[in-house]
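Before any comments, here is the structure.
Sequence positions, counted from 1, serve as the residue numbers for this chain.
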Amino acid sequence: MQDTSSNFLNLQNMNQAIIKAEYAVRGAMVLRAEEIKTKLALGQQIYPFDEVKECNIGNPQMLGQSPITFCRQVLSCLLSPELIETNIFPEGVRKRAKYYHENIKGNIGAYSQSPGYKFVRENVAKFIEKRDGGIPSNPEEIFLTEGASAGITMILSALLADKDCGIMLPLPQYPLYSATVALGRGKQVPYYLDEETGWQIKLPDLTQAYEEASKNGVKVRAIVVINPGNPTGQILEEDTMKEIVKFAYESGLCILADEVYQQNIWSETKKFVSFKKVVANMPEPYNKTPLFSFHSCSKGILGECGIRGGFLEIFNVDRGVDFQLKKLKTVSLCSNTVGQIMVDLLVNPPTEEENGKEVFEKYNQERDDILSSLKRKAKMVTKMMNSMKNVECQEVEGALYCFPKIKFSERAIQEAKQRNLAPDLFYCLQALEETGIVCVEGTGFGQKEGTYHLRTTILIRPDDKFEESLELFKKFNDNFHEKYR
Ligand SMILES: Cc1ncc(COP(=O)(O)O)c(C=O)c1O
């Protein structure tokens with residue numbers, strides 16, 4: 001018989017786009033952190049710390065953020081409906097659970113409609129209308145997705161019609177985008193965020209990136225904007241958003257507005273404004289700019305990353321495309337139903353009227369505790385980072401991260417080179433060995449040539465533990481720069 005084994009899936013014949021795709025947030029730093037964790041678990045006391053702190057990823061519950069009691073109790077009732085009839089949970093919780101139970105016909109284990117439960121999409125539309133000052137939202141233009149990621153992937157796959165199609169991505173960016181564009185065999189068209197002005201978007205940078213790509217034969221199809229920013233933590237000015245919309249319309253681009261951090265606002269002076277609101281309020285013809293916007297249960301106050309709930313709203317999108325997207329969604333049947341209910345809990349928090357004083361007050365107290373702690377830590381990290389040797393950090397205005405710039409001496413750069421590492425990865429690995437703190441090197445997000453950064457989250461709880469970690473980090477940083485002076 002002929003030897004067919006070389007036809008079996010191997011590194012050479014597999015989809016090369018998978019090999020090309022990179023995802024730094026779970027990359028080299030995490031591999032090393034896992035090794036250290038294993039050694040610590042075996043009782044090996046060879047590190048100057050006894051715990052690895054996973055600040056590499058925006059995963060709030062992993063770092064001690066508690067889930068919101070109301071949400072979990074309601075979900076428990078849906079998974080075990082007999083709880084609705086007992087007195088284990090407050091009446092206000094059971095009332096909400098009953099509402100869901102009736103709407104899903106008692107069957108959380110059945111597939112829902114492919115775009116997601118209709119009643120949840122209706123509630124999402126109401127949430128969007130309220131958030132955006134009454135601008136109408138259509139439940140038929142909302143999809144419930146497995147976190148924001150699945151919605152983003154779906155839209156990118158629709159946009160990347162062939163290998164010449166390109167997507168404008170911010171640099172630094174959240175690596176889901178570069179990885180998904182690579183998987184779709186599309187072209188990344190990076191545009192730089194301006195660090196000196198707090199990572200704002202500058203129109204000339206957009207125009208330059210677009211024109212250069214077009215000159216090279218790239219068919220630019222869309223621009224991704226992350227607001228508030230990951231990894232950079234900025235909130236966009238409304239005037240900048242208007243400029244982006246004009247630019248997008250005039251260049252024939254769709255906007256992908258990643259707004260998963262819309263509830264994580266720490267700036268005293270800036271507020272979150274959605275792209276939907278900005279687009280809808282623009283004059284003709286700019287108010288016709290096609291927009292896809294994304295939200296998630298993973299961030300905000302819920303931090304329910306593992307439950308995988310999110311939604312996508314499409315606006316000004318061609319009806320035929322809309323139909324095809326719905327068809328595409330049917331291929332995977334539906335997103336998980338627990339995640340869909342979590343989306344409803346995101347957009348439809350308890351009220352005193354519906355759920356009673358006790359439930360309402362507990363929810364508010366838990367929400368305020370999470371938000372006020374994050375806000376304190378956003379201020380603390382900006383201040384502490386700026387007090388460190390050779391570190392410069394823009395204000396963390398929103399989201400869950402800071403992205404400080406680190407200046408390395410020629411000696412440090414040479415030392416990294418000898419170890420075949422980028423200088424920022426070398427620095428982050430050293431930090432991990434000495435403090436147990438897992439950051440991600442700026443290289444993983446993209447940065448201007450010759451500049452170096454790191455990303456860390458502001459999620460360690462409680463505040464004093466976070467402060468201690470920052471102090472430890474400061475000590476490491478200052479020693480590092482002293483050593484490689
Ligand atoms: C900017 C941004 N978009 C999307 C996501 C994906 O979130 P999820 O799929 O969990 O909703 C993340 C996760 O960290 C993110 O930071």
(request) Kindly determine whether Val52 and Tyr47 satisfy side chain to side chain contact (heavy atoms under 4.5 Å, CB included), including the steps that lead there. (result) CA-CA 10 Å; Val52 168; Tyr47 295 101; over 6 Å; no

If I take atom [atom1] from residue [X] and atom [atom2] from residue [Y], how far apart are they, to the nearest 0.5 angstrom?
{"X": "Asp368", "Y": "Tyr363", "atom1": "CG", "atom2": "OH", "result": "10.0 Å"}
{"X": "Phe70", "Y": "Glu366", "atom1": "CZ", "atom2": "CD", "result": "11.0 Å"}
{"X": "Cys439", "Y": "Leu429", "atom1": "SG", "atom2": "CG", "result": "10.5 Å"}
{"X": "Thr451", "Y": "Tyr192", "atom1": "OG1", "atom2": "OH", "result": "8.0 Å"}
{"X": "Leu256", "Y": "Cys254", "atom1": "CG", "atom2": "SG", "result": "7.5 Å"}
{"X": "Asn264", "Y": "Phe272", "atom1": "CG", "atom2": "CZ", "result": "11.0 Å"}

Salt bridge flag under 4.0 Å for residues [X] and [Y]:
{"X": "Lys37", "Y": "Glu54", "answer": "yes"}
{"X": "Glu415", "Y": "Arg419", "answer": "yes"}
{"X": "Asp478", "Y": "Lys389", "answer": "no"}
{"X": "Lys475", "Y": "Glu434", "answer": "no"}
{"X": "Glu243", "Y": "Lys202", "answer": "no"}
{"X": "Glu196", "Y": "Lys405", "answer": "yes"}

(message) In terms of relative ring orientation, are His295 and Phe127 parallel, tilted or perpendicular, with 30° and 60° separating the classes?
(response) parallel

Do [X] and [Y] have side chains that get closer than 4.5 Å, going by heavy atoms?
{"X": "Pro136", "Y": "Glu129", "value": "yes"}
{"X": "Lys375", "Y": "Trp266", "value": "yes"}
{"X": "Ile128", "Y": "Ile142", "value": "yes"}
{"X": "Cys71", "Y": "Met342", "value": "yes"}
{"X": "Gln340", "Y": "Arg308", "value": "no"}

Nearest heavy-atom pair of [X] and [Y]: which atoms, and what distance?
{"X": "Val391", "Y": "Pro404", "result": "CG1-CB, 3.7 Å"}
{"X": "Val245", "Y": "Val279", "result": "CG2-CG2, 3.8 Å"}
{"X": "Phe247", "Y": "Leu253", "result": "CE2-CD1, 3.7 Å"}
{"X": "Arg411", "Y": "Arg485", "result": "CD-O, 3.6 Å"}
{"X": "Lys329", "Y": "Ser335", "result": "NZ-N, 3.6 Å"}
{"X": "Asn316", "Y": "Asn287", "result": "ND2-O, 2.7 Å"}

(message) Applying the salt bridge (charged side-chain N to carboxylate O under 4.0 Å, His left out) criterion to Glu313, which one of Arg121, Lys276, Lys277 satisfies it?
(response) Lys276

(message) Tell me whether the NZ or CZ atom of Lys407 lies within the 45° cone about the ring axis of Tyr452 and under 6.0 Å from its centre.
(response) no

(request) Could you go through the side-chain hydrogen bond (donor to acceptor under 3.5 Å, both in side chains) check for Gln73 and Arg96 one step at a time? (result) CA-CA 10 Å; Gln73 289 183 339; Arg96 175 64 72 87; over 6 Å; no

[Y] and [X] side chains, donor-acceptor separation under 3.5 Å:
{"X": "Thr232", "Y": "Gln234", "result": "yes"}
{"X": "Arg455", "Y": "Asn56", "result": "no"}
{"X": "Gln61", "Y": "Glu304", "result": "yes"}
{"X": "Glu146", "Y": "Asn336", "result": "yes"}
{"X": "Gln173", "Y": "Ser178", "result": "yes"}
{"X": "Gln414", "Y": "Gln418", "result": "no"}

(message) Is there a side chain to side chain contact (heavy atoms under 4.5 Å, CB included) between Glu433 and Arg32? Walk through the geometry before answering.
(response) CA-CA 9 Å; Glu433 301 292 328; Arg32 182 65 191 136; 2.7 Å; yes

Is the ring centre of [X] less than 6.0 Å from the ring centre of [Y]?
{"X": "Phe426", "Y": "Tyr484", "answer": "yes"}
{"X": "Phe480", "Y": "Tyr427", "answer": "yes"}
{"X": "Phe275", "Y": "Phe294", "answer": "no"}

(message) Using the salt bridge (Lys or Arg N to Asp or Glu O under 4.0 Å) criterion, which residues pair with Asp369? Sequence neighbours excluded.
(response) Arg461

(message) Test: ring pair (Phe, Tyr, Trp, His ring centres under 6.0 Å). Region: residues 379-406. Which pairs qualify, not counting sequence neighbours?
(response) Trp199-Phe403, Tyr261-Tyr401, Phe403-Phe445, Phe403-His453

(message) Can you confirm whether Asp464 is buried at CG, in the sense that more than 12 heavy atoms of other residues, nucleotides or ligands lie under 6.0 Å from that atom?
(response) yes

(request) Flag yes if more than 12 heavy atoms outside Lys246 fall under 6.0 Å of its NZ atom; otherwise flag no. (result) no

(request) For the pair Leu459 and Leu374, evaluate side chain to side chain contact (heavy atoms under 4.5 Å, CB included) and give the outcome as yes or no after the intermediate values. (result) CA-CA 7 Å; Leu459 290 169; Leu374 287 170; 3.9 Å; yes

(message) Could you walk me through whether Val225 and Asp258 satisfy the side chain to side chain contact (heavy atoms under 4.5 Å, CB included) test, starting with their C-alpha distance in whole Å, then the side-chain angles of each, then the deciding distance to 0.1 Å, before giving a yes or no?
(response) CA-CA 6 Å; Val225 184; Asp258 184 328; over 6 Å; no

